[in-house]
Each structure stands twice: as C-alpha cells, then as structure tokens.
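If you scroll down you'll find the structure; I have some questions about it.
First listed ligand is number 1; within each ligand, the first listed atom is number 1. Computed from a prediction, not measured in an experiment: that's the story for all the values here.
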Amino acid sequence: MSISIDSKQIHATLEKLTPRTQAYLSGAPRDALGGATFTTINPATGQPLADVAACDSADVDLAVAAAQSAFDDGRWSRVDPAHRKRVLLRLAELIEANAMELAVLETIDTGKPISDSLTTDLPETINSLAWHAELADKLYDRIAPTSADNVGLIYRQPIGVVGAILPWNFPLMLAAWKIGPALAAGNSLIVKPAEQSPLSTLRLAELVAAAGVPEGVFHVLPGYGETVGRAMGLHPGIGCISFTGSTQTGRALIQAAAGSNLKRIILECGGKSPCVVLRDVSDLDAVAAHATQSYLWNQGENCTAGCRLIVHESVKELLFEKIRRRSREWVVGDPLDPATRIGALIEQGHLEKVLGYIHKGREEGATLRLGGGQVLAGSGGYFVEPTIFDDVDNRMAIARDEIFGPVLAIIPFRDADEALRLANDTAYGLAASLWTDDLRTAHRFSRELQAGTVSVNCYSEGNITTPFGGFKLSGYGGKDNGIEAHDQYTLQKTVWIQL
Ligand code: ADP
C-alpha cells in the first residue's frame, strides 16, 4: 500500500475532520454513563482538540455484559472462521480507504510526524489486520500420538471477553496488533485507548462495525487508567488483558488480576535497548543511519528505541560524528508538515520528564555533545531537539531509565565481553541491536543478549511475521505479532476420547 504525502490533501483532510468523542459501546457511540469528559490536546500546539467521554467502572460493567452475551450466543465466536477472515479483511480495506483521515487524526492527537503516520503507522495497521485475518481459517489444531484405544485432541478456543489497554505512542498500530488476533480467534473485545490519544481508536470503532463485526462484540471505552483501566483489570468477566505501557501499570494489572479472577495478563512494558557496535564493523555509515533512526524515530517515544549506543572506543569518535551529522538532518517541526521528522512529545508532563533526564545527565557528569533543549516553545507544543550524551557510565540514570525522548547515551567499551556485560546490565529486555562483520560474534552475541528481539547489522523490531515481546521488566505472558499472537487470545483444551 502506498499513500501519497500531499500537503494540500493533509490540510483539506484536517479542515473536514470531525473527531468522534463518544465511547463506542454495542455498535453505537454513546456518552459515558456518568456524563464525564476529559480533554485531549494537540501536543504540537498545547491546544485542546476535543472533549472525550471519560468512562468509568459502570461503563466497563456494561461493555463486559454486552461482550459476554455476544460471545455466549456465538454471533462471532461460533461463526465459520472464514467469515471472520472476510470481515477482518474488509476492516483492513476500510482503514486503507480512510487512511488519510486516520493518519491526520493520529498526528494531531499524538504529535507524531504525518510522514510517519502515512508511511508506517497506517500501512502497518492495515498489514497487521490483514495478516491476522488470513490466519483465522488457516490455523490447525493437533492430535496427540496416543495408542489405538484413544484419541487425544488438543485444540484452541477463544477466551471470551478480552481487554486491550493501549499506550499513546502508536495508538492505531498497537490496537491492530491486538484486535487482529483477538477478533480472528472469535473473542469479544474491549479496547481502552490511552487518555492522551483516543481519537483514532474511536474512529476505528466505526470502521469495525462497518466491516461487519456484529454489535456487542467490539467496544471502545476512552477514559483514564485509574478508572477504566483499573476497572478492567479487576473485572471478573474479562478473561485476558493485553497491555502495552509502563512497567508500573503492568505490575498494577498483575495485582488486579491476582485480586480478582486470575485473568491472563500479557505485558509489553518498555525498554532501554542497547545498540552494540563492535570494532570490526566496516560500514559505519550504515551503523550511523540505523542508530540515528533508532533513537530519533517517533521522537524517541518508542519502547525499542536504541537509546544506549555501546560502541568500541576505537570507532566511537568517527561514528559519533556521523550520527551527529545525520541527527541534524532530522527536522524538528510541525507534525503536519511532510518535511518534519521529529514531532512533539505527547504532553507537558512528558516534556518535563525528558528535560529532567537531560538535566540529570549533565549533573551526573556525562558530556552533552548535541542538543539538550526544548525547541519551538513559541508554538505552545512540546518539542525537544536531538540530544546526544557521550562518556556515559551505564550506572547513570540516563543509561538505566526509560526516557522515551530523542536522547542517546554513548557508552564506550574496550573488549567484546565488556560490551555484552554492559548491554545486559539493564532491568529491561525488549530489543537489542548488534553490529559486527564477524559471523561467529554475531551468533554468540545473538544468543547471549537478553532481549526478545535481537537485530543484527540493522535496527529492527522484525515484522508482522515474527513474535514481538520482551524479557525481564519489558514484559511477559505472550507475544504480539507472528502466529504466536494467536496463542495469547485462545485457551488450549485437551479432549481425551476412549474408543
Ligand atoms: P505512560 O506512563 O507511558 O503513559 P501508562 O502505563 O501509564 O504509560 O499507560 C498505558 C495505558 O495504561 C494507558 O491506556 C493508561 O490509561 C493505562 N493505565 C494507567 N494506569 C492504569 C491502571 N492502574 N490500570 C490499568 N490501566 C492503566
């Protein structure tokens, strides 16, 4: 799929935009039962975009009851999987037909560059849904190798009511990662978008209905984590929650599950990914291109961001120069301008957090070699320039904590074992990348790096065909993407038959 990046079309779409602001419950938009709203703002201007329904536990109760009753009568859970495939493929087509509108919504609500929304978020959303749709009628179950007296069937069943709690950095794309396999398996689904970025998910709800997902199967409940999210975590009628967000909220969800119905909790909780550059690497230009993309893409608001550059001291200076040159080419600006590559951070509080870490990096004695400040403050938006610290000690806060901004920490090393130790000396384990020309080193490091995804001689998260999820504090419980994503939303059952 290719969507053209045409400035006129972007602005024409913006003029016509009417953000949906109500919750989406049982096939129709509706206000929160309590009538409350919250304001979502445009991070590029600091101005309000819309007042959106602020749901709470009463709305969760209503949605769960509707979702359970839809599940029980089989209107979606028991139809031919080929039908679910067709409906979800139609959804992918509808998203494609409305891609410009969704991309503009995503950009004004999150501050991410329109060029990224159009060339990454939307195509990935469409591809993810289509890929999981195709699997709906292609996943076979198993028969156990029993004696002739028995038949042992091992098969998967949908769970029932599934919850998806979303973050604000890739709202549509992460919704698709969860909606695709959860609906393909026949579950009912309740989605809670992040309070900072509800608009694209609310529009998506209409497309889900238009595609033919029956009433009662799919719900979107906007609102705060402490109200809607917490109520979902505690609800005895929800069988599984797939969550992407902070480790702190991940812990809260596990506790809520433990204190209620032991619902399955699937967590993807951020990272502090190393990019390890060994001395033998010959193509430093390629390293620089990937390393720059890796720390700056999506303003650094990306859980796999390669924000720790662990580089051999002999190539450090040359690589730093190349990364600095490339970083300066990443234009910080109006997210709706197709030339912009770094948009606004999500909100004032997050801007302060990122600037706070930059301040801390200086205080702790790292050398600031690029950027370090807020820019375009006159816009009212939350922009930070590309920032690089050198001589970072892996014990410093800027090397340990997830900053989620355009900040790179360069950590020099002398020998390969030290590099491996530094790379793994982190509480997180989502992704790691590795640069070497030596095949043996590539394999040894790939095995020993403690991360759910290791990319070699590139920065990558893999793609829809490969499972994605972390080790250590980056999460557990299942994987997004790949065929494995379908395991998250199904229960495995054994049927033992005496012949
Ligand atoms: P961040 O700090 O990056 O915003 P959060 O983990 O707070 O990450 O948010 C990710 C998602 O989790 C959001 O949709 C948010 O509303 C939700 N959330 C926050 N707190 C809770 C909670 N206690 N229970 C369930 N969901 C929550």
Exercise. In terms of side-chain heavy atoms, does Gln22 have a donor or acceptor partner in Asp31 at a distance below 3.5 Å?
Worked result: yes

For this session: Using heavy-atom distances, let me know which of Gly229, Gly163, Ser197 sits nearest atom 26 (N) of ligand 1.
Result: Gly229

Exercise. Which of these, Leu473, Ile165, Ile254, sits in a side-chain contact (heavy atoms from CB on, under 4.5 Å) with Leu267?
Worked result: Ile254

Problem set entry | Heavy atom of the protein closest to atom 2 (O) of ligand 1 (residue, atom name, distance) | Ser246 CB, 4.1 Å

Problem set entry | Minimum-distance protein heavy atom relative to atom 17 (C) of ligand 1 | Ile165 CG2, 3.7 Å

For this session: Tell me, with the steps shown, if Thr249 and Ser246 meet side-chain hydrogen bond (donor to acceptor under 3.5 Å, both in side chains).
Result: CA-CA 5 Å; Thr249 303; Ser246 65; 3.0 Å; yes

Problem set entry | Per-residue contact class, Phe404 against ligand 1 - non-hydrogen pairs under 4.0 Å | neither

Seminar exercise, completed: Near Arg230 (heavy-atom distance under 4.0 Å), the atoms of ligand 1 are 24 (N), 25 (C)

Exercise. With a cut-off of 4.0 Å, which atoms of ligand 1 are near a heavy atom of Glu226?
Worked result: 23 (N)

Problem set entry | Atom indices of ligand 1 within 4.0 angstrom of Lys192 heavy atoms, with elements | 14 (O), 15 (C), 16 (O), 17 (C)

Exercise. So is Leu166 polar-close to ligand 1, meaning N/O to N/O under 3.5 Å?
Worked result: yes

Exercise. Sub-3.5 Å donor-acceptor pair from the side chain of Asn42 to the main-chain atoms of Gln47, do we have one?
Worked result: no

Exercise. Tell me: protein heavy atom nearest atom 9 (O) of ligand 1, and distance?
Worked result: Thr249 OG1, 4.5 Å

Problem set entry | Check: Ser474 side chain, Gly429 main-chain N or O, donor-acceptor pair, under 3.5 Å | yes

Problem set entry | Any N or O of Gly225 closer than 3.5 Å to N or O of ligand 1 | yes

For this session: Say whether, by atom type as modelled, one donor and one acceptor occur between the side chain of Thr227 and the main chain of Asp56 under 3.5 angstrom.
Result: no

Exercise. How far is atom 12 (O) of ligand 1 from its nearest protein heavy atom, and which residue and atom name does that atom have?
Worked result: Phe243 CE1, 3.2 Å

Can you give the donor-acceptor pairs under 3.5 Å from side chains of residues 339-349 to other protein atoms, not counting sequence neighbours?
{"unit_1": "Thr340", "atom_1": "OG1", "unit_2": "Asp334", "atom_2": "O", "d": "2.7"}
{"unit_1": "Glu347", "atom_1": "OE2", "unit_2": "Gln196", "atom_2": "NE2", "d": "3.3"}
{"unit_1": "Gln348", "atom_1": "NE2", "unit_2": "Glu352", "atom_2": "OE2", "d": "2.7"}

Exercise. In terms of residue, atom name and distance, what is the protein heavy atom nearest to atom 16 (O) of ligand 1?
Worked result: Glu195 OE1, 2.5 Å

Seminar exercise, completed: Among non-hydrogen protein atoms, atom 3 (O) of ligand 1 lies closest to Trp168 NE1, 3.5 Å

Could you pull out every donor-acceptor pair under 3.5 Å between side chains of residues 102-111 and any protein atom, sequence neighbours left out?
{"unit_1": "Glu106", "atom_1": "OE1", "unit_2": "Ser200", "atom_2": "OG", "d": "2.5"}
{"unit_1": "Glu106", "atom_1": "OE2", "unit_2": "Leu172", "atom_2": "N", "d": "2.8"}
{"unit_1": "Thr107", "atom_1": "OG1", "unit_2": "Ala103", "atom_2": "O", "d": "3.3"}
{"unit_1": "Thr107", "atom_1": "OG1", "unit_2": "Lys112", "atom_2": "O", "d": "3.0"}
{"unit_1": "Thr107", "atom_1": "OG1", "unit_2": "Ser117", "atom_2": "OG", "d": "2.7"}
{"unit_1": "Asp109", "atom_1": "OD1", "unit_2": "Thr40", "atom_2": "OG1", "d": "2.6"}
{"unit_1": "Asp109", "atom_1": "OD2", "unit_2": "Leu199", "atom_2": "N", "d": "3.0"}
{"unit_1": "Thr110", "atom_1": "OG1", "unit_2": "Glu106", "atom_2": "O", "d": "2.7"}
{"unit_1": "Thr110", "atom_1": "OG1", "unit_2": "Lys112", "atom_2": "N", "d": "3.2"}

Problem set entry | Identified ring pair (Phe, Tyr, Trp, His ring centres under 6.0 Å) counterpart of Trp177 within the set Trp131, Phe243, Phe468 | Phe468

